[in-house]
Amino acid sequence: MLTDQEKYDALNEILNSKLFSKSTTANVLLKFLVDSSVNNIELSASAIGLELFGSQYPRDKGEANARVNIYHLRKKLQKYYDTEGADSAITVTIETGQYGVTFTKASIRKKKQSYTLAIGLTFIALIIGISLASINWNKDLIWQSTFSNNKPTTLFISPVFGYNGPSIKGTSIFHRDAQINSEKELQSILDTIPNGHLYQMSRPNYTTYEDAATIKHFARLFAFNDADFSVRKATDFTFNDLKEQNIIYLSPMRYKTTFSDVFNELSKNVTLQKKYSNNNQRLVYNKAKTDSVFLLNTDTQSFEYALAAKFKGSNNTNHLMFFADHGMGLSAMSEYFTNKDSINSFSEKYLKESEEFVALFYVGGKQRTNLKLDMVFIDDNQ
């Protein structure tokens with residue numbers, strides 16, 4: 001059993017190393033994790049976020065940034081013990097899928113290393129096979145240019161407009177109505193109903209079921225490729241962002257954002273047409289002799305349409321956009337376009353002439369779970 005002093009000595013040895021001495025974020029995060037371990041404090045993504053960003057912690061970023069920072073710290077620790085810390089008496093590690101740190105004495109670590117070496121020699125052919133299989137990521141024409149262009153990447157999500165007011169039981173709760181998406185719309189309704197003064201506009205909420213269920217897929221993809229991204233609300237987007245960074249947009253179509261205009265600006269053969277007054281939305285594919293029109297609204301939870309697109313921007317930037325009517329379509333898109341096998345298959349089949357594309361999918365499922373994904377059409381944006 002290691003003493004608290006031994007744990008802090010191991011921490012200070014790491015912080016004073018060449019690898020960590022200039023890494024402010026990694027140092028702050030590692031010290032916080034060690035302090036939490038010594039004091040038996042249970043860790044969470046929000047606690048880590050508050051430690052890194054303080055009072056400016058962006059609530060709308062969820063778990064994505066915490067996971068990415070933990071991933072980079074884990075890799076940095078591995079590199080440290082492969083180089084400067086090879087002879088350290090104590091090893092500090094972060095197990096995959098965990099936030100907390102573990103401490104291991106050198107004698108135990110060397111036994112594990114010897115055992116690992118024996119296993120590695122026994123299965124070297126398998127290891128080589130896995131290494132060769134990893135080359136298949138080179139077939140990815142959807143994301144690799146984003147990971148390699150040295151531009152920052154931002155995932156934009158739409159804020160959820162809502163209001164506070166009485167519930168059925170009389171308590172004040174947060175209400176969400178997809179038909180009300182602005183303060184002006186809310187006020188026009190409150191002026192016409194009894195006791196409308198009891199309802200007040202709420203602070204916009206940027207965490208929804210769709211966000212939590214879909215962002216995690218992008219976090220895993222970026223972590224696997226040793227890359228990072230930030231999360232911002234769609235209402236903060238400006239067209240200048242298209243020139244400075246890679247953009248991922250992920251949102252239900254019913255939300256009013258600038259991104260439908262961005263899509264129509266970058267898309268050459270497909271147009272999104274929206275009428276917010278009656279919530280009518282349609283997609284027009286105008287490359288053929290006769291325009292193909294697809295009504296994107298669905299009044300059932302058993303199927304819907306989902307739209308995915310990639311456009312090349314100025315200054316070597318890349319922009320990926322995902323629209324759907326409900327969460328089921330967004331879940332389907334985030335799963336499909338972050339999975340290695342489907343990424344490679346899609347790239348080989350459809351991206352032979354150009355990395356750009358606009359694709360419409362039919363998504364079938366139950367209870368927000370996509371069970372069927374069929375392509376309706378794909379356009380090469382040429």
Closest non-hydrogen atom pair between [X] and [Y], with its separation:
X	Y	result
A308	M333	CB-SD, 3.8 Å
L266	N381	O-ND2, 3.3 Å
V363	A332	CG1-CB, 3.8 Å
I343	L221	CD1-CD1, 4.3 Å
N69	L29	O-CD2, 3.8 Å
I94	R74	O-NE, 2.8 Å

Problem - Donor-acceptor pair between N339 and E335 side chains, under 3.5 angstrom - result: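 No, no side-chain donor-acceptor contact under 3.5 Å.
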
Problem - Modelled atom types, side-chain donor and acceptor of S145 and K310, under 3.5 Å - result: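 Their side chains do contain a donor-acceptor pair, which is all the 3.5 Å distance test asks for.
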
Determine whether the aromatic ring centres of residues [Y] and [X] are separated by less than 6.0 angstrom.
X	Y	result
F218	F229	no
F346	F357	yes
F361	Y305	no
Y249	F237	no

Once the angle between the rings of [X] and [Y] is folded into 0 to 90°, is it parallel (under 30°), tilted (30 to 60°) or perpendicular (over 60°)?
X	Y	value
F337	F322	tilted
F20	Y80	perpendicular
W143	F147	parallel

Completion exercise
Applied to residues 28-39, the salt bridge (charged side-chain N to carboxylate O under 4.0 Å, His left out) test, sequence neighbours excluded, yields K31-D35

Whether [X] side chain and [Y] backbone form a donor-acceptor pair below 3.5 Å:
X	Y	result
S267	T271	no
N246	N318	yes
S172	P166	no
S88	T91	no
N269	Q382	yes
S334	S331	yes
T83	K79	yes

Exercise for the section: Could you name each residue pair satisfying side chain to side chain donor-acceptor pair (under 3.5 Å) that touches residues 190-200, not counting sequence neighbours? Expected result: Q187-D191

Practice task
Using the salt bridge (Lys or Arg N to Asp or Glu O under 4.0 Å) rule, take D374 and K372 through it: C-alpha gap first, then chi angles, then the decisive distance, then the call.
Solution key: CA-CA 7 Å; D374 294 323; K372 182 179 181 181; 3.6 Å; yes

Exercise for the section: List the steps and the verdict of side chain to side chain donor-acceptor pair (under 3.5 Å) for D9 and Q5. Expected result: CA-CA 6 Å; D9 287 343; Q5 186 58 52; 2.9 Å; yes

Practice task
Could I get the full list of side-chain contact (heavy atoms from CB on, under 4.5 Å) partners for E353, not counting sequence neighbours?
Solution key: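 Per chain and number, E353 pairs via side-chain contact (heavy atoms from CB on, under 4.5 Å) with no residue.
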
Handout entry: Partner set under ring pair (Phe, Tyr, Trp, His ring centres under 6.0 Å) for F311, not counting sequence neighbours
Key =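 Applying ring pair (Phe, Tyr, Trp, His ring centres under 6.0 Å) to F311 gives F263.
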
Find out if a path of hydrophobic residues (ILVMFWY) with successive side-chain heavy-atom gaps under 4.5 Å connects [X] to [Y].
X	Y	value
F103	I41	no
Y99	Y71	no
V92	Y8	yes
I173	I193	no

Handout entry: Verdict with reasoning, Q245 to T317, per side chain to side chain donor-acceptor pair (under 3.5 Å)
Key = CA-CA 6 Å; Q245 58 189 297; T317 55; over 6 Å; no

Handout entry: salt bridge (Lys or Arg N to Asp or Glu O under 4.0 Å) involving D380 - partner list, sequence neighbours excluded
Key = K287

Practice task
Please name all residues satisfying salt bridge (Lys or Arg N to Asp or Glu O under 4.0 Å) with E244, sequence neighbours left out, ordered by chain then number.
Solution key: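 None.
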
Problem - Test item: T338 and R220 side chains (from C-beta on) under 4.5 Å apart, heavy atoms - result: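 Contact flag for T338/R220 side chains = no.
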
